[in-house]
Amino acid sequence: MTMDHHTSSAAPFRRPPSADGFSRRGFLKAGAAAGGGLMLSLSLPFGDDKTKAADAFVPNAFIRIDRDGQIFLTMPYVEMGQGTYTSISMLIAEELEVDLKQVQPEHARPNEKLYANPLLGVQATGNSNAIRGAWQPLREAGATARTMLVSAAAKRWNVDPSSCRAQSGEVLHMPTGRRLKYGELAADAAHMPVPAKVALKRPDDFKLIGTRAKRLDTPAKVNGTAVYGIDVRPPGVKFATLAQSPAFGGRVKRVDDTAARAVKGVRQIVQLDDAVAVVADHMGAAKKGLAVLKIEWDDGPHAKLNTDNIAQELATATLNAGAVAQNIGDAGKAMAAAVTKVEAIYQVPFLAHATMEPMNCTVHVRKDGCEIWVGSQALARAQAGAAKTLGLPLDKVVVHNHLIGGGFGRRLDVDGVIRAVEIARQVDGPVKVVWTREEDIQHDMYRPYWFDRISAALDENGKPTAWHNRFAGSSVIARWLPPGFKDGLDPDSTEGAIDLVYDFPNFHVEYVRVEPPGIQTAFWRSVGPSHNVFVTESFMDELAAAAKQDAVAYRQALLDKSPRAKAVLELAAEKAGWGQPLPERVGRGVSVQFVFATYLAVVTEVEVSTAGNVRVRRVVCAVECGTVVNPDTVQAQIQSAAVFGITAALHGEITLKDGRVEQTNFDSYQILRIDEAPAIEVYIVQSPEPPGGMGEAGTSAIVPAITNAIFAATGKRLRKLPVDPAALKKSA
Amino acid sequence: MAFAIKVNGKTHSVDVDDDTPLLWVLRDVLGMTGTKFGCGMALCGACTVHVNGEPTRSCITPIDSMGTSAITTIEAIGATSAGAKIQKAWLDREVVQCGYCQSGQIMSAAALLASNPRPTDSDIDNAMSGNICRCGTYVRIREAIKAAASS
Ligand code: FES
Ligand code: FES
């Protein structure tokens, strides 16, 4: 679709870099590795074009081929469970013609030279960006190394390189059958010229890409040996837990720690402006000490804040014009001339991340420096935050990254690191600060609350002639990456609300940024789309209902210009048995989206009990995410993201009362459990396009598919999340 | 108070308050970090260990209730036949994502399989619904338990 819209300049934040957008000279350098191997240094993008704009070559990933043939891949992306280690290694192994086992992925070690570059302040794994960013450059790097190894072999044999071929970790001279292993060639290869152009393998020749390769990070995770941030134990480490001001923005007034100090194993009480921590020999003692601490709080400026105030403020904000995110034609004029007009208000709540591994960070502050152990999605940010807090130069802060027990955007923020540093600077020796689950939920940074006012016009055949949507809420990017927020817009808040797959003659979307007082918002699994796709795909369903047409057929008719979207929609509908009869109070719902550079359609089958309880019985997903690097990972990520979305649809809600979060632990902030989890089928449409993002797409798509199914089952349209069973009770 | 507890066949002596949850003794005092902390209230199952073969939430189990019980953790569950089968099925089916909940999932599943070699879907629901997986690996957990049962 060609559309004139206002976000084109900001849009690259989410878009994958174009396949030909790299000058390889600009992103890759080769040389000798310490110990005599071949080292390639490369600069990988992070889904943020600003890193590309750098003139200076700043490598953030390294491929090292040792003399024994082992290949080390040091990459800036972190493994959060999304299979990044494995998929990224597959890209290198494919072009290098080696077995996946020969590649050993590792986290980028903090390197002061690297992280001193302010451009890398945005270095982070989020946005489903790892494979999208690495697809082209990593394969080119692999091909470059392969070409240099072949040149080295050809030189040694004094033959034409074109008579040699790389295969299974060696170079073969085809006419004579002579072979040399990569390890034997690595040192020579380092002195070969870097080829100006390399040929990438054709998809038909892929041996690894597209296969269900086994995850590399799994074995340690089934026998208890994997080390997450929460598991590190530097010698002499103490254990701390904390209470932060229950009301956002409150302060500590007075602390009586007599009883806490008397607890066996408690070593120290650390008081901050807005928090108190108990340091002990083990977490059991720290928690026991915390429980008997008497803290008097000054609740501060937001002491009266509740969710309704915020919703009201957002509602009011949507009465006035916002920044135009996209405009096609003249929606106002078409609306005035409409035969039928449909209008609705949608709202989605604040949500917590509730990663299984609670927030934690281990810090050792010494006189002349600081050492940090943490699982972070944004290492450079963690280092910078700690340095700033301590007034130290960056190179005095060493950060060790560890496995992450769930990121979902929470670990793109470093408030937990800064908090731990504030505590550790008062403690002698290393201290591991572990948040209780209650602190983790009540002091999260939340998926924003959003409020939408949406309307559409239909012609006499029920076809939409105009679409108008104005929504208000917090901009996460404006806080996290200020340059990403321009002219009242950011690409995340609007993703899924604009550039829809459907063809509308008149289309107008506005965004009003409103930052709620007190409560901080953050990235979350699928952030913007988690809200926008719910609204747009629910509203599409409303239009189909208003037109008295089938929900799938209605969408199909608007997808002529988007064949990839149409293909996934039709596949999902077919596999789900769309249109086949269902029992009473059971319904099917559909949604289709294009976000994170991936096309996804979902059909759910939902049962609503007479008491109003909702059970998702079956989920069918059809996805087209470009070239599939590892189909097993794609399937696993869609299943995972779908469960995350079901949790949000059925249970997810953070509410505020008197300035504080009401939910505390998994009893009041419920997560879907296995007895509520449906079968989830995933069908992949083959495609030669570059890979799309997979970690998040499933979360946004499933939510409207559920509420649309509830509509099919009960005739009740839910426009506010989470699902309210009381509204779905069968009337006698 | 000093306690002698038996973990994975070895006796350890620890000196902690008698109400200290077993979880923190394992993780912080003994350094066995395979057992995880998730909620501290028996709501998530991340801290599941076996006490005399019974799946037990170590976050609410006080150390003074252990006596001479045999405690088994994720670090040693592979030495039992059910535990080994479950671990293998977990790898074969690629269950794991972030992995943080999986120690607890595997401990619950191993206890299920040890007591019920042919669990039905509803047996699986009953045994496993105390274990939360925020990464949503439930579909594969179910498949893996069934695969382990038929291995
Ligand atoms: S930590 Fe024990 S059940 Fe959650
Ligand atoms: S695998 Fe991440 S919480 Fe279960």
Side-chain angles (χ1 to χ4, degrees), chain A residues 80-83 212 214-215 217-228 230-231 233 239 263-265 281-285 287-288 354-358 403-408 434 436-437 632 636 639-644 646-647 665-667 671-680, chain B residues 1 15-17 19-25 27-29 31-41 43-44 46 63 73-78 86-88 90-91 94-103 106 122 124-126 128-142:
Chain A
M80 300 180 279
Q82 75 284 47
R212 301 176 82 89
K214 285 280 172 205
R215 295 267 303 262
D217 56 325
T218 304
K221 292 176 174 178
V222 304
N223 62 21
T225 57
V227 176
Y228 298 82
I230 203 170
D231 299 327
R233 296 173 60 83
F239 302 84
V263 171
K264 182 184 166 83
D281 292 343
H282 55 86
M283 181 75 172
K287 280 184 83 177
K288 194 172 171 184
T355 59
M356 276 318 283
E357 179 190 10
L403 286 175
I404 290 179
F408 317 126
V434 177
T436 60
R437 177 59 63 188
D632 192 60
Q639 290 172 334
S640 163
V643 170
F644 211 86
I646 302 173
T647 292
N665 204 320
F666 293 130
D667 45 358
I671 308 296
L672 201 81
R673 291 169 185 271
I674 196 169
D675 56 343
E676 308 167 282
I680 301 171
Chain B
M1 245 191 92
D15 183 14
V16 294
D17 268 356
D19 59 355
T20 304
L22 175 61
L23 172 64
W24 305 116
V25 173
R27 285 184 55 83
D28 295 352
V29 182
M32 302 173 69
T33 55
T35 304
K36 299 299 191 225
F37 165 55
C39 69
M41 286 179 66
L43 296 168
C44 77
I63 191 75
T73 69
I74 185 70
E75 284 90 351
I77 197 64
I86 290 289
Q87 282 174 328
K88 177 165 185 314
W90 249 240
L91 293 176
E94 291 278 14
V95 169
V96 176
Q97 297 211 14
C98 85
Y100 192 79
C101 74
Q102 299 295 346
S103 295
I106 287 168
S122 80
I124 293 173
D125 282 348
N126 287 335
M128 303 300 297
S129 61
N131 288 79
I132 292 175
C133 175
R134 185 58 162 148
C135 297
T137 60
Y138 300 128
V139 176
R140 291 180 177 208
I141 286 176
R142 189 182 295 282

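Note that the coordinates shown come from a computational prediction; the quantities given were computed from them, not determined experimentally. Every chain is numbered from 1 and lettered A, B, ... according to where its sequence line falls, protein lines coming before strand lines.
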Turns out that what part of A:V643 lies under 4.5 Å from chain B's heavy atoms comes down to side chain
Query - Side-chain heavy-atom pair B:T33, A:V227 within 4.5 angstrom cut-off - result: no
For this session: Taking the side chain as every heavy atom from C-beta outward, state whether B:V25 and A:H282 have any pair of such atoms under 4.5 Å apart.
Result: no
pair B:R27-A:D231: side-chain heavy atoms closer than 4.5 Å:
yes
Ranked by heavy-atom pairs below 4.5 Å to chain B, first place among A:R233, A:R212, A:Q639 goes to A:R233
List the steps and the verdict of side-chain contact (heavy atoms from CB on, under 4.5 Å) for A:I674 and B:N131. CA-CA 8 Å; A:I674 196 169; B:N131 288 79; over 6 Å; no
Honestly, the part of B:V95 sitting under 4.5 Å from a heavy atom of chain A is neither
- [ ] Given side-chain contact (heavy atoms from CB on, under 4.5 Å), test A:M283 with B:L23 step by step and report yes or no.
- [x] CA-CA 9 Å; A:M283 181 75 172; B:L23 172 64; over 6 Å; no
Scanning both residues in full, the closest heavy-atom pair of A:P358 with B:F37 reads CD-O, 3.4 Å
Cut-off 4.5 Å, heavy atoms of chain A, and the answer for B:L91 is both
message: Keeping B:D28 on the side-chain end and A:G284 on the backbone end, is there a donor-acceptor pair under 3.5 Å?
response: no
Highest number of heavy-atom pairs under 4.5 Å with chain B among A:T218, A:I680, A:D632 belongs to A:D632
With sequence neighbours left out, the residues meeting side chain to side chain donor-acceptor pair (under 3.5 Å) with B:D15 are A:K264
If one checks every heavy atom of B:T20 against chain A at 4.5 Å, the contacting part turns out to be side chain
field: B:Y100 side chain vs A:Y228 backbone, donor-acceptor pair below 3.5 Å
entry: no
Under 4.5 Å to a heavy atom of chain B? For A:F666 that would be both
In short, B:C98 meets A:I404 closest at the heavy-atom pair CB-O, 3.5 Å
Pair count under 4.5 Å, heavy atoms only, with chain B: among A:A642, A:A636, A:A677, highest is A:A636
### Task
Kindly say whether B:C135 contributes a backbone atom to a donor-acceptor pair with the side chain of A:S640 at under 3.5 angstrom?
yes
_Has B:Q102 got a side-chain atom pairing as donor or acceptor with A:K221's backbone, closer than 3.5 angstrom?_
no
Pair B:D125 + A:R673: basic N to acidic O under 4.0 Å: no
Heavy atoms of B:L43 and A:D667 approach each other most closely as CD1-N, 3.7 Å
With a 4.5 Å limit on heavy-atom distance, are the side chains of B:K36 and A:E357 in contact?
-> no
